[in-house]
Amino acid sequence: QGQLVESGGGLVQAGGSLRLSCAASGRTFSSYAMGWFRQAAGKEREFVAAIRWSGGSTYYADSVKGRFTISRDNAKNTVYLQMNSLKPEDTAVYYCAARNGVITGISKEYDYWGQGTQVTVSS
């Protein structure tokens, strides 16, 4: 059984930054692709970013490209999402996910999910 736990969410002013962490336990996810998704209230979960198991390839949603950076430290079994220049529309619950396959932005193709961490960006 794999377990993912997000942390680092909170309240921040527009233009500010937050760094989310996703700590894995129960097994190593070093060979898994990892992704970040978010879900705003009343909206469908959407793709944010993904990273290959090696860390060499990344993909981003157009809405966050140039502002967010996904990274991973396989030795620590942890994935990060650095969020800069935050906007009110970034407000959502952010989830990390893992899949035993190639990176993808399709949420249903991920096998493991964390419980989410709330990010709120005020104007």
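For clarity, every value in this text was computed on a predicted model and none was experimentally measured.
When all heavy atoms of N77 and S25 are compared, the pair lying nearest together is ND2-N, 4.3 Å. Summarising the geometry of S17 relative to Q82, their closest heavy-atom pair is CB-NE2, 4.0 Å, with the distance given to 0.1 Å. Closest heavy-atom contact between P88 and A14: CD-CB, 4.1 Å. Contact between Y110 and A33 at its shortest, heavy atoms only, is CE2-O, 4.1 Å. Considering every non-hydrogen atom in both Q118 and V93, the closest pair reads OE1-CG2, 3.2 Å.
Hydrophobic cluster membership of Y80, counting Ile, Leu, Val, Met, Phe, Trp and Tyr whose side-chain heavy atoms lie under 4.5 Å apart directly or via other members: none, as it forms a cluster of its own. Through direct or relayed side-chain contacts under 4.5 Å between Ile, Leu, Val, Met, Phe, Trp and Tyr, I106 connects to no other residue. L11 shares a hydrophobic cluster with no other residue; no ILVMFWY side chain has heavy atoms under 4.5 Å from its own. Summarising the hydrophobic clusters (Ile, Leu, Val, Met, Phe, Trp, Tyr; side-chain heavy atoms under 4.5 Å, direct or chained), the residues clustered with V48 are L4, V12, L18, L20, F29, Y32, M34, W36, I51, Y60, V64, F68, I70, V79, L81, M83, L86, Y94, Y112, V119, V121.
A perpendicular orientation is assigned to the rings of Y95 and W113, their planes being inclined by more than 60° (bins at 30° and 60°).
Side chain of T117 to main chain of G9: a donor-acceptor pair is present (N/O by atom type, distance under 3.5 Å, no hydrogens or angles).
Not counting sequence neighbours, S85 has no partner by the side chain to side chain donor-acceptor pair (under 3.5 Å) test. In this structure, the salt bridge (Lys or Arg N to Asp or Glu O under 4.0 Å) partners of K65, at least two apart in sequence or on a different chain, are D62. For the side chain to side chain donor-acceptor pair (under 3.5 Å) test, no residue two or more places apart in sequence or in another chain qualifies with S57. Scored by the salt bridge (Lys or Arg N to Asp or Glu O under 4.0 Å) test, R67 finds D90 as partners (sequence neighbours excluded).
Pairs engaging residues 64-123 under the disulfide (SG to SG under 2.5 Å) rule: C22-C96 [sequence neighbours left out]. For residues 4-15, the set of pairs meeting the side chain to side chain donor-acceptor pair (under 3.5 Å) definition, not counting sequence neighbours, comprises Q13-S122. Within the structure, every pair that satisfies the side chain to side chain donor-acceptor pair (under 3.5 Å) test and touches residues 98-108, not counting sequence neighbours, is listed here: T104-E109.
Note that OG of S30 is 7.5 Å distant from CZ of R72, once rounded to the nearest 0.5 Å.
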Identify each donor-acceptor pair in which a side-chain atom of residues 39-47 lies under 3.5 Å from a protein atom, sequence neighbours left out, and give them as a table.
{"from": "Q39", "atom 1": "NE2", "to": "K43", "atom 2": "O", "distance (Å)": "3.0"}
{"from": "E46", "atom 1": "OE2", "to": "R38", "atom 2": "NE", "distance (Å)": "2.8"}
{"from": "E46", "atom 1": "OE2", "to": "R38", "atom 2": "NH2", "distance (Å)": "3.4"}

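Under 3.5 Å, the side chains of D73 and T78 contain no donor-acceptor pair of N or O atoms.
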